[in-house]
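Computed from a prediction, not measured in an experiment: that's the story for all the values here.
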Amino acid sequence: TFNIQSNVFINGGATLIINEPALKNSGFISKLSGTGDFVKRGLGDIYILEAEDFSGNSSIEYGELIIPVSYEFNSQNIKVERTGRIFVSGIINADVVTNYGYIFGTGRLLVNTLNNFSLVEAGNSIGTLTINGNYMQDPSGTLGVEIDATGAANLLNVTGTATLDGNVDVTPNPGIY
């Protein structure tokens with residue numbers, strides 16, 4: 001477990017690589033800033049509480065990046081690899097997000113484009129994931145949606161253009177339908 005309480009500044013041309021073990025809630029960075037690159041490795045989870053002054057690129061190769069409610073993660077471009085996950089209940093602000101892994105939650109993505117080549121799942125149980133920008137789902141992509149017996153369902157709210165290809169995976173919660 002690690003906790004970085006002070007500002008982590010990444011100079012342009014430099015790369016910060018976080019490679020933590022496979023632990024739940026294994027660490028957090030209080031504040032991330034600069035123009036260098038951020039790489040998340042290791043199977044554990046990491047919370048980033050503030051990255052409004054960060055403008056480098058990010059790569060989530062393994063494990064989970066968590067952006068909690070009321071926090072914002074800025075990055076020029078974000079790439080989520082096959083074994084990476086992002087849970088967003090706060091805000092992600094990026095030019096392009098390219099997903100080969102798993103993005104889920106009830107937050108907002110302020111993007112020009114979210115390219116989904118794997119799995120995007122709106123909600124955390126029943127809820128809404130908002131994409132302020134465009135959503136492009138490749139033929140290899142899947143949009144995951146939960147429904148419940150009352151008729152409620154997850155919602156992917158796209159304010160730009162949604163281009164849907166691939167699959168929709170509907171998962172019913174327990175109940176009588």
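Aromatic ring pairs are classed by plane angle as parallel below 30°, tilted from 30° to 60° and perpendicular above 60°; the pair F73 and F54 is tilted.
Nearest heavy-atom pair, I48 versus Y71, reported as atom, atom and distance to 0.1 Å: O-CB, 4.4 Å. Of all heavy-atom pairs between S75 and G56, the closest is OG-O, 2.8 Å. Residues R85 and I60 come closest through the heavy atom pair O-CG2, 3.7 Å.
Between N77 and T98 the shortest side-chain heavy-atom distance does not fall below 4.5 Å. By the 4.5 Å heavy-atom criterion applied to side chains, V97 and I131 are not counted as neighbours. Looking at heavy atoms from C-beta onward, Y177 lies in side-chain contact with P172 at the 4.5 angstrom threshold. You'll find the side chain of N57 stays beyond 4.5 Å of the side chain of K79, heavy atoms only. Residues I78 and L65 form no side-chain contact, since every pair of their non-hydrogen atoms from C-beta on lies 4.5 Å or further apart. Contact of the F9 side chain with the L16 side chain is not registered, since no non-hydrogen atoms from C-beta on lie closer than 4.5 Å. No side-chain heavy atom of S58 sits under 4.5 Å from any side-chain heavy atom of K40. Using a 4.5 Å cut-off on side-chain heavy atoms (C-beta onward), D45 and F87 make no contact.
Here L49 contributes atom CG and L32 contributes atom CG; the two are 11.0 Å apart, rounded to the nearest 0.5 Å. The line from CG of L109 to CD1 of I86 is 7.5 Å long, rounded to the nearest 0.5 Å. The distance from the CD atom of Q137 to the CG atom of L119 is 9.0 Å, given to the nearest 0.5 Å. Remark: I67 CD1 to I91 CD1 distance equals 10.5 Å, nearest 0.5 Å. The OG atom of S30 sits 14.5 Å away from the OH atom of Y47 when rounded to the nearest 0.5 Å. Remark: D95 CG to T113 OG1 distance equals 7.5 Å, nearest 0.5 Å.
Looking at N134, L156, V158, I103 one by one, the single match for side-chain contact (heavy atoms from CB on, under 4.5 Å) with L114 turns out to be I103.
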Worksheet item: Hey, mind stepping through N116 and Y135 against side-chain contact (heavy atoms from CB on, under 4.5 Å) and telling me if it holds?
Response: CA-CA 8 Å; N116 182 27; Y135 176 77; 3.0 Å; yes
Item to complete: Could you check F38 against I18 for side-chain contact (heavy atoms from CB on, under 4.5 Å), going step by step and ending with a plain yes or no?
Response: CA-CA 8 Å; F38 171 72; I18 300 290; 3.7 Å; yes
Worksheet item: After noting the C-alpha distance and the side-chain angles of S59 and E81, does the key distance pass the side-chain contact (heavy atoms from CB on, under 4.5 Å) rule?
Response: CA-CA 7 Å; S59 179; E81 300 289 353; 4.0 Å; yes
Item to complete: Report the C-alpha separation of D37 and I10 in whole Å, then their side-chain angles, then the decisive distance to 0.1 Å, and conclude whether the side-chain contact (heavy atoms from CB on, under 4.5 Å) test is met.
Response: CA-CA 7 Å; D37 294 335; I10 308 171; 5.9 Å; no
Run the side-chain donor-acceptor check on residues 160-169: report pairs under 3.5 Å with partners two or more places apart or on a different chain.
none

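No side-chain donor-acceptor contact under 3.5 Å links N154 to the backbone of V145. Of the possible polar contacts, none joining the T130 side chain to the R108 backbone as a donor-acceptor pair under 3.5 Å is found. With N74 contributing its side chain and S55 its backbone, the two residues share no donor-acceptor pair below 3.5 Å.
More than 12 heavy atoms of other residues, nucleotides or ligands shown are found within 6.0 angstrom of OH on Y102.
For S33 and N7, the side-chain atoms include at least one donor-acceptor pair closer than 3.5 Å. With 3.5 Å as the limit, one finds a donor-acceptor pair spanning the side chains of D138 and S140.
Hydrophobic clustering keeps I126 apart from L143 (ILVMFWY residues linked when any side-chain heavy atoms are closer than 4.5 Å, directly or through intermediates). In the hydrophobic cluster analysis, where Ile, Leu, Val, Met, Phe, Trp and Tyr join through side-chain heavy atoms closer than 4.5 angstrom, I92 is grouped apart from Y100. Under a hydrophobic-cluster definition in which Ile, Leu, Val, Met, Phe, Trp and Tyr are linked whenever side-chain heavy atoms come within less than 4.5 Å, directly or via other members, V170 and L129 are assigned to the same cluster.
Using a 4.5 Å cut-off between side-chain heavy atoms of Ile, Leu, Val, Met, Phe, Trp and Tyr, I17 falls into a hydrophobic cluster with V39.
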